[in-house]
Structures are given as structure tokens and as C-alpha cells.
Amino acid sequence: MREKIEIGEFILLGVMLSFVFLFLYDIRVLPLEGKFLSYLLAPFIVLCAGICLRDAWIRAKKTKEEKALKWPFFVTIGGGFFLFFSIYFMGFYLGSGLFLLLWFLVFKKITRATVTLIIALPLLLYLSFEVFLDMGLPKGVFWAWLLG
Amino acid sequence: MFLWDAIKGMTVGFSYILDPTTILLIFGSVILGSFLGAVPGLGSKIGLTILIPFTGKLAPYVALAMYLSVSEASSFGDTIPAVLFKVPGTEGAAATAIDGYALTQKGKAGYALGAASMASLVGGLLGIVVSIIFIPFLADYVLLFGPPEFFWMAIIGISIIALVSQGAMAKGLLSGLVGILISFIGTDIVTGKDRFTFGSIYLSDGINFIPAMLGLFAVAEMIKLSTKKTSMEMVGKVTSNREIWEGCLAVFKYPINVIRSTLIGILVGAIPGTGKSVASFLAYLFAVRSSKHPETFGKGEVEGVIAPECANNACSGGGGALIPTLTLGIPGSSGMALILVGMTFLGIRSGPQFIIYHADMMYAMFAGLIVGMIFAFALNFLCIKPISKAVQVPNEILIPVVLVFAFLGSYALRGSVFDMLITLIFGILGYFMDKYGYSTICMVLAMILGPMAGESFFQAWKMGNKSLTVFFTRPVSIGLIVFLIIVMVGPALYKKIKHLRTTSGK
């Protein structure tokens, strides 16, 4: 079996470490008091990340097979982005309804119960928050543009 | 004296809570907690994550009672899949699954669930009584704390959660430290200047912990759930309510087991960073050791259901874990870390100030929790059959619904679409952190304790004429540093000594 290294953990550690360097690099922060504690914490972060990197490297050498991510994983993340953009463009009521409809279509779960859910859930949330609780929900840039 | 104060306080507390709207909200929280506790992999963490952003407009005591009710109801609900499917709803019900499932295989599912519900109620109520008596007593001592001590408390809180969370300690600490850095983004409260915003107007308000928390828990959990199958097979059925009732009565046949397990739960909960799984397994172990028939355990012994359930509920919710959370601001468990998140969201800082100046709110919170526990028991008693069916909701339906709630909660906080994007980004980050054993709860806790640590650090630094010696010279600070060293180095040192002893023995 060909030896593969799972790079996910290395990427994750890279992301975490990048915070330290980004923060130390941001020289616009003045006076120094504002980031004094960040400077004090930075060596500890680098130390912990170093230990984790070493462990990940040792483990990576032993890993024989990389576990592939399954397609529902990508569907969920893609769904998350779709939900964000659809709410952003169409507003909460239509955006979440469209997201639910497409989700159930992809998973072939169109039943009487799920259709009820697609219609009732956004409506219920819209009524609860927008109407009764008076908490504004996203209106969507498309409607804002259309209505001037 | 303390008892009389507690009675007076609880009378005031109940007068706040016994209002139809409040009761209805608590009941709703109980339904949410019971359902999420019963669905394996979800639990009170998701429930609180979804609930917290929507409670901003409520009276703080109502919101706090709701948080604790979700947490406690989840401890009631998690026994249902543990007993019926041998799949614990949360880690706290793992010990219950051993004998609970064995009883189900014998056709006594209702009996086991009845015993578990009553044990949860008794353990939970006794836990609350102890908290009510001890919390005001301990608060007097915490008044000795100043800025240097609060700085150390924040560091201890993050370190302890890092120590007990999944994965290696370095991973937990790394998550916590990065969380502190993230909490520094935005306008600095001390200097009033923008910090680490890179010129972005979105970042000048900082990254709020609520959207981050929704991402790290709710969205990450849904991504994780999408890669799993949940086709659980039920081997036993609850046949009648009479069977459940018999199970309830069985609890009172073992008073010593109940009291012992409850005390274990309270003590374990009061030690910061432990948790309900430790409490329930320890209580189970003591029940086996002190039983006249230890051979029956694991084969369907009702005492094996009662002990972990009493300990589990005495530890979580309003029990032992609440003591360090309210008095010191150190979460007693990872579940309590989320209660701390909720308190921060409501603008409440836990500690002696809360207990002394907002005692009425604290007692109202306890009163609400008692009401919530009674609701949770009644719900478990009357609705075991529908809840056991609800456990089998397919992931394909659960995931989009939770995603919609998570995004709505994120937006509702400040009315910012940017926060929804933060939720999504932290969701992806949380999934990978969880996958590789980096504690997400530690990161959220650090995002809350970070500003407190920063503020206390700055105040103490100024107090000590811009010298760091102030952190190491005050008696309470020294005590806290010693405690931190013992907690961090102690377990590794103990292992090393044990290892050396065994090798020298050979």
C-alpha cells in the first residue's frame, strides 16, 4: 500500500500559526500596550504549535491510508455557502426555503412531511422573529435593489 | 444562617419564575433539551448554542433558567437512546447504557427508563439544594480577588478545559491561546484604538463569540453528522406506563446508593474541568463495589442505572459544576463553559459580584431550574414513546434545519450578514479541529475569558507600576499559580513516578 500523508492537520496548524504572525506583523496597533499581552502569549502559541506539529509528523509517517472525505461532507459545506448567499441575495424567508427545497431534492427526500417543513419552517421563523419579536431578519440585497 | 437566607432567597426566586410566559419558555427549553439530549451526537451543547442568541431580549433570570433547563433536560433525555439502543445520547449516559440496555434486552425497557428518570430527578434536586447553600458561602472568600487574581483565574479556566478536553494538552492549549488572540480583534477597550482589524470595518467590532460558537458547535457538528450514518435498531419497546412507574419507585429502595452517588456527582462537578462522564462512571464503580451482588451488574441491575443517573444530574445542570462556575467564573465542565458564554452574552459577569448584588437573579435561576427539572421528569415519564421515535430522525432532515437555525441565530445577534459568514468559516474550522482532536470548547471559552484576561492584565500591570512582579507576589496569586502548576504538571508527574516505580520493581 502506498504511504500517504494526511495533510489536513498541517493545514489546520498553519492556519492557527498564521494568526500569530499576522498579529505580530500588524504594526498599525499603537500604542504598544494594546498588544502587549499578545506578544507575551505568542511564544507559548509557537511552542504548543511546535509540539502539535512534531506529533502530527510522527503520526503522519505511520499513516498508511488517507481517509477520503465523503461527498455529504462537501454537500454540507456547499449547502452552508449556498444558504449564506441565498439569504444574502434573497432574504431570509425565500433564501432558507430555497435552501431546504434544494437540500431535500439532492437527498431525494421529497415527501409530504419535508414539503411541509420547506414551507412551514421559514414562515414560522419569519413570523416569530420579524413579526412577534420584532427582530429584523435579512431582507436580501436583490429586493433592496429592486425596490430602490 | 445560610439555610435561612437560602429559604428566603428561594421564595423570592419562585415569585419571579411563577409567571405563565416564563413557565412556557422553560417548558420549551425542556422540550429542546430532552430532544437534543436524546439524539446521539447532539446534546445540550447544540441546544444551548442555538438557544443563546435568541434570549437577548429576555429578562436575564429567565434566560439563565432556560439555559440550565436545556442542560438538565438533556441529562434526562440522553438516557433514552442509552437504554433503548445502547447509544448514549451524551457522554454522561455512557455508564447508564451498561445495565440500562441489559434491562431492555430482558424486556424491561420501561422499568429502566422509569428508574433513570426518577434517579435523575432526585440527584438533580439534591445537587441544586447543595449549590443553593454553598454558593453564597463561598462567594465571601472570592472577594479577596483583585485584577492579578482574575487574570490567573482566566488562565486557569482555559488551561483546565484544555487539560480535560479531547486530544493532547498541547492541542487544547493551542486552541485556547488562538482563541484569546481572536478575542483581541476589534476596538481595544483599554486604549480605545482598533486592534488587529487590518483596516476592515467589519472587524472593528471584533469577532463576536456567538457566531463563532454557532459555527464551532452547531455547523461543525452538522458537517460531522453528514459523514455518519444513523440507522439505529431498537431492540426493546416501552410497553406500559405502569412499568415506568415501577421503575420510578425502585429508586427509593436504594437510598444509600442514591445519596452516595449524588455526593459523588456534586464533588466531581465542583472540581473544575472534570465532568459528568467521570461522575457517572465513578458512581457506577462505587455501586458495584458496595453491592452485595456485584456479579449482577452489567446483566441488568437497576442499581447500575440509578447510580450513574443520580451522579450525572447532581454533577451537571444546577449541581456541583455550577459551584465553580458561579463563584470563580471557572466552568465546572464543558457544558458549564456554555452557561458562562450565555452569562457573558447577557452582560452578566459570574463571580462574587453576581452572587452578592444579583442574589435575586441567582435564586430565580435556581427556582427556574427546579421547575425545569420537574417538567423534564414529567416529559420523560409521559412522552418516552414519542421521544424514542424522534431519536430516529434521519440526518438528512436534521442537518438543514439546524443549519437554518444556526444562521438565523448568528444574524439575530447584531443584524450583520458578516456574522453568518463567520459562523460558516468557524464551522469548517471547527470540523477540522474536532477531527484532529483540537478542543473547540477551549477556543470559545478563550474568546470569552480573553477580554477579561486582557483587561485584568492591563489593570494589574498599571497597579504594579508597569511591572509584572504584581502577578507573582500577592498571596492569592501565588496560591493560584501553585494550583495551576499542580493541575498542569501533576498528572504527567504522577504517571512518570508510577512508571519509574514499576520499572524499578521489575
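Chain identifiers are assigned alphabetically (A, B, ...) following the order of the sequence lines, protein sequences preceding nucleic acid strands; residue numbering begins at 1 within each chain.
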Interchain contact, [X] with chain B, by part (heavy-atom threshold 4.5 Å):
X         : result
Phe85(A)  : neither
Leu13(A)  : side chain
Ile11(A)  : neither
Ile45(A)  : both
Phe84(A)  : both
Leu117(A) : side chain
Phe44(A)  : both

Of all of [options], which one pairs up most often with chain B through heavy atoms under 4.5 Å apart?
options                                 : value
Leu12(A), Ile51(A), Leu41(A)            : Leu12(A)
Ala113(A), Ala56(A), Gly95(A), Gly80(A) : Gly80(A)
Phe81(A), Tyr88(A), Phe107(A)           : Phe81(A)

Please report the closest heavy-atom contact between [X] and [Y], naming both atoms and the distance.
X         : Y         : value
Ser439(B) : Ser175(B) : O-CB, 3.2 Å
Ser96(A)  : Ile87(A)  : N-CG1, 4.3 Å
Thr423(B) : Pro211(B) : OG1-O, 3.2 Å
Ala446(B) : Gly176(B) : CB-O, 2.9 Å

Under a 4.5 Å heavy-atom cut-off, does chain A meet the side chain of [X], its backbone, both or neither?
X         : result
Leu424(B) : side chain
Leu421(B) : both
Phe151(B) : side chain
Ile180(B) : side chain

Heavy-atom pairs under 4.5 Å with chain A are the metric here; pick the option from [options] that has the most.
options                                    : value
Leu177(B), Leu181(B), Val178(B), Val404(B) : Leu181(B)
Leu408(B), Ile223(B), Ile182(B)            : Leu408(B)
Ile185(B), Val417(B), Ile399(B)            : Val417(B)
Ser416(B), Pro400(B), Ser226(B)            : Pro400(B)

- Task: Verify the ring-centre separation between Phe345(B) and Phe209(B): is it less than 6.0 angstrom?
- Result: no

- Check: Phe92(A) ring centroid to Phe407(B) ring centroid under 6.0 Å: no

- Donor-acceptor under 3.5 Å (Trp103(A) side chain, Val75(A) main chain): no

- Taking the side chain from Ser410(B) and the backbone from Ala406(B), do they hold a donor-acceptor pair closer than 3.5 Å? no

- Phe405(B) and Phe54(B) aromatic ring geometry - parallel, tilted or perpendicular at 30°/60° bounds: perpendicular

- Task: Name the orientation class of the two ring planes belonging to Phe458(B) and Trp461(B) (parallel below 30°, tilted from 30 to 60°, perpendicular beyond 60°).
- Result: tilted

- Is the shortest heavy-atom distance from the side chain of Ile118(A) to the side chain of Phe104(A) under 4.5 Å? yes

